[in-house]
S.K.: 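Pasting a structure below so you can have a look.
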Amino acid sequence: MRFNLPRHIGIIMDGNGRWANLRGLPRIEGHRRGAERAKDIINASLEMGIQVLTLYAFSIENWSRPEEEVEMLMELLQTYLSGEFVRMLREGVRFRMIGDRQRLPVHIRELINRTEEETSSLDQMTLVLALSYGGKDEILRAVKKAIRLEMTEDEVTEDTFEELLDTAGLPPVDLVIRTSGEKRLSNFLLWQSAYAELYFTETLWPDFTREEYISAIQDYQRRERRFGRVLTPLRLTR
Ligand code: FPP
């Protein structure tokens, strides 16, 4: 299993609402179950030795959901972060957030800043939460930073630009998993997933088990990643 393990996995945790609807439950119940799944998948990632796990928890587009759902999601996040903090310290998990932090409620922003600071030296795994996140927004913010820094045309390279993104210092994404049958990236890690392998499953996020997670990783391990190159020399002439 350890051979050819993805270094960075990104997950679009989709289908919480449908999971709840199917059971006649309020949508927030689906998110609660989703948060429990996230804990289990984080544990499995730690056990497998995944270096970076990025979870798409709240997109910039999610701000336009009904106010009540947004508030409940923020509450859930707060409970989740404060509840998981001790475990992160114990297990050596470094926490990072990517996304537009200015739009988050102040108390959540402060909790995030504190969690990031206090886990900054931990190195068993990095857990990244994408919150108030949009890939296009992240790229635009990076462009604006470059302008503010008065970078010259020559100074803007792929390497220097990557350092301006929220994911500065993290490896590119190797595998993106999306649950619930939708087959799109929905503004998730647009720059970072340029060569990512994609895994789509019909399973709704609250039903996504660690067994399915492992089989997604095994599926990745069987793929041949060419990054636009030709790996096996082709015989062009006889
Ligand atoms: C997509 O389901 C999921 C979200 C918008 C929120 C994801 C949040 C969680 C899993 C809980 C919080 C997680 C952590 C790690 C704190 P959806 O509501 O779009 O589902 P639908 O497409 O079926 O309506």
Side-chain angles (χ1 to χ4, degrees), residues 9-46 50 52-88 91 93-101 103-105 107-116 119 125-135 137 176-189 199-210 212-213:
I9 301 180
I11 309 186
I12 305 175
M13 309 179 287
D14 199 7
N16 295 344
R18 273 163 285 167
W19 183 92
N21 280 345
L22 282 170
R23 288 162 181 78
L25 297 168
R27 289 177 61 82
I28 192 66
E29 216 28 67
H31 295 314
R32 280 203 194 99
R33 281 293 288 258
E36 290 306 312
R37 282 292 83 221
K39 285 185 201 168
D40 197 26
I41 296 303
I42 295 166
N43 276 339
S45 309
L46 256 166
I50 303 296
V52 184
L53 175 68
T54 300
L55 300 177
Y56 204 4
F58 192 87
S59 75
I60 218 158
E61 291 77 18
N62 288 155
W63 286 117
S64 52
R65 290 197 174 193
E67 207 174 306
E68 195 196 354
E69 183 171 345
V70 172
E71 270 173 26
M72 283 180 166
L73 271 169
M74 290 296 139
E75 255 174 54
L76 186 59
L77 252 159
Q78 187 182 1
T79 317
Y80 176 86
L81 268 181
S82 23
E84 289 303 286
F85 177 63
V86 175
R87 201 164 66 94
M88 288 193 227
E91 309 276 356
V93 176
R94 179 176 186 180
F95 173 79
R96 274 178 70 168
M97 180 215 138
I98 56 171
D100 181 1
R101 18 192 111 205
R103 287 188 73 173
L104 292 170
H107 66 285
I108 302 260
R109 206 186 311 157
E110 282 170 357
L111 178 61
I112 284 169
N113 291 342
R114 234 185 4 259
T115 313
E116 282 183 331
T119 61
M125 185 176 92
T126 300
L127 169 66
V128 184
L129 273 197
L131 289 176
S132 184
Y133 177 85
D137 174 71
V176 172
I177 297 173
R178 181 173 192 155
T179 56
S180 93
E182 313 290 353
K183 296 187 178 65
R184 42 177 188 271
L185 282 177
S186 296
N187 213 359
F188 183 54
L189 298 176
Y199 179 91
F200 298 108
T201 169
E202 295 292 322
T203 308
L204 303 175
W205 175 251
D207 290 329
F208 189 74
T209 58
R210 64 164 61 202
E212 185 165 5
Y213 185 44

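In listed order, ligands and their atoms are each counted from 1. Index from 1, following the sequence.
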S.K.: Side chains of S180 and R18: donor-acceptor distance under 3.5 Å anywhere?
M.R.: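 Yes, a side-chain donor-acceptor pair sits under 3.5 Å.
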S.K.: Counting only heavy atoms, tell me which of Y56, W19, Y80 gets closest to atom 14 (C) of ligand 1.
M.R.: Y80
S.K.: Should the pair E71-R65 be classified as a salt bridge under the 4.0 Å nitrogen-to-oxygen rule?
M.R.: no
S.K.: With a 4.0 Å cut-off, would you call D40 and R37 a salt bridge?
M.R.: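 R37 and D40: salt-bridged.
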S.K.: Considering only heavy atoms of A57, which atoms of ligand 1 have at least one such atom less than 4.0 Å away?
M.R.: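 In order of number, 6 (C), 7 (C), 8 (C).
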S.K.: Counting heavy atoms only, which part of E182 comes closer than 4.0 Å to ligand 1: side chain, backbone, both or neither?
M.R.: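 Near ligand 1, E182 shows nothing, with every heavy atom at 4.0 Å or more.
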S.K.: Measure the distance from atom 9 (C) of ligand 1 to every protein heavy atom, then report the residue, atom name and distance (to 0.1 Å) of the closest one.
M.R.: N16 ND2, 3.7 Å
S.K.: How far is atom 4 (C) of ligand 1 from the closest protein heavy atom, and which atom is that?
M.R.: H31 CE1, 3.9 Å
S.K.: Is the count of non-hydrogen atoms from other residues, nucleotides or ligands lying under 6.0 Å from E68 atom CD greater than 12?
M.R.: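 No.
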S.K.: Backbone, side chain, both or neither: what part of R37 comes under 4.0 angstrom of ligand 1, heavy atoms only?
M.R.: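 It is neither; nothing of R37 touches ligand 1.
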S.K.: Locate the shortest heavy-atom distance separating G30 from A20; write the atom from each residue and the value.
M.R.: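 Closest approach of G30 to A20, heavy atoms only: N-CB, 3.8 Å.
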S.K.: Please verify whether a non-hydrogen atom of R27 lies at under 4.0 Å from ligand 1.
M.R.: yes
S.K.: R94: what forms a salt bridge (charged side-chain N to carboxylate O under 4.0 Å, His left out) with it, not counting sequence neighbours?
M.R.: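 By the salt bridge (charged side-chain N to carboxylate O under 4.0 Å, His left out) rule, R94 matches no residue at all.
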S.K.: Please check if the number of heavy atoms outside R33 that lie under 6.0 Å from its CZ is greater than 12.
M.R.: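 Incorrect, the count does not exceed 12.
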S.K.: Between R18, R32, Q78, flag the one that comes closest to atom 23 (O) of ligand 1 by a heavy atom.
M.R.: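 The option holding the nearest heavy atom is R18.
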S.K.: Among all protein heavy atoms, pick the one closest to atom 3 (C) of ligand 1 and tell me residue, atom and distance.
M.R.: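 Its nearest protein heavy-atom neighbour is M13 O, 3.1 Å.
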S.K.: Which atom pair, heavy atoms only, marks the closest approach of I60 to G134?
M.R.: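 Looks like CB-N, 4.2 Å.
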S.K.: Which residues pass the side-chain contact (heavy atoms from CB on, under 4.5 Å) test with E212, not counting sequence neighbours?
M.R.: Y199, T201, T203, F208, T209, S215
S.K.: Which of the numbered atoms in ligand 1 are below 4.0 angstrom from a heavy atom of D14?
M.R.: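 Contacts of ligand 1 toward D14, numbered from 1: 1 (C), 2 (O), 17 (P), 19 (O), 20 (O), 22 (O).
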S.K.: Does ligand 1 come near enough to E69 that some N or O of the ligand is less than 3.5 Å from an N or O of the residue?
M.R.: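 Between E69 and ligand 1, no N or O pair is found under 3.5 Å apart.
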S.K.: Which residue and non-hydrogen atom of the protein lie closest to atom 20 (O) of ligand 1, and at what distance in Å?
M.R.: G17 N, 3.0 Å
S.K.: Please state which part of N62 comes within less than 4.0 Å of ligand 1, counting heavy atoms only: side chain, backbone, both or neither.
M.R.: side chain
S.K.: What residue and heavy atom of the protein are closest to atom 19 (O) of ligand 1, and at what distance?
M.R.: R65 NH2, 2.8 Å
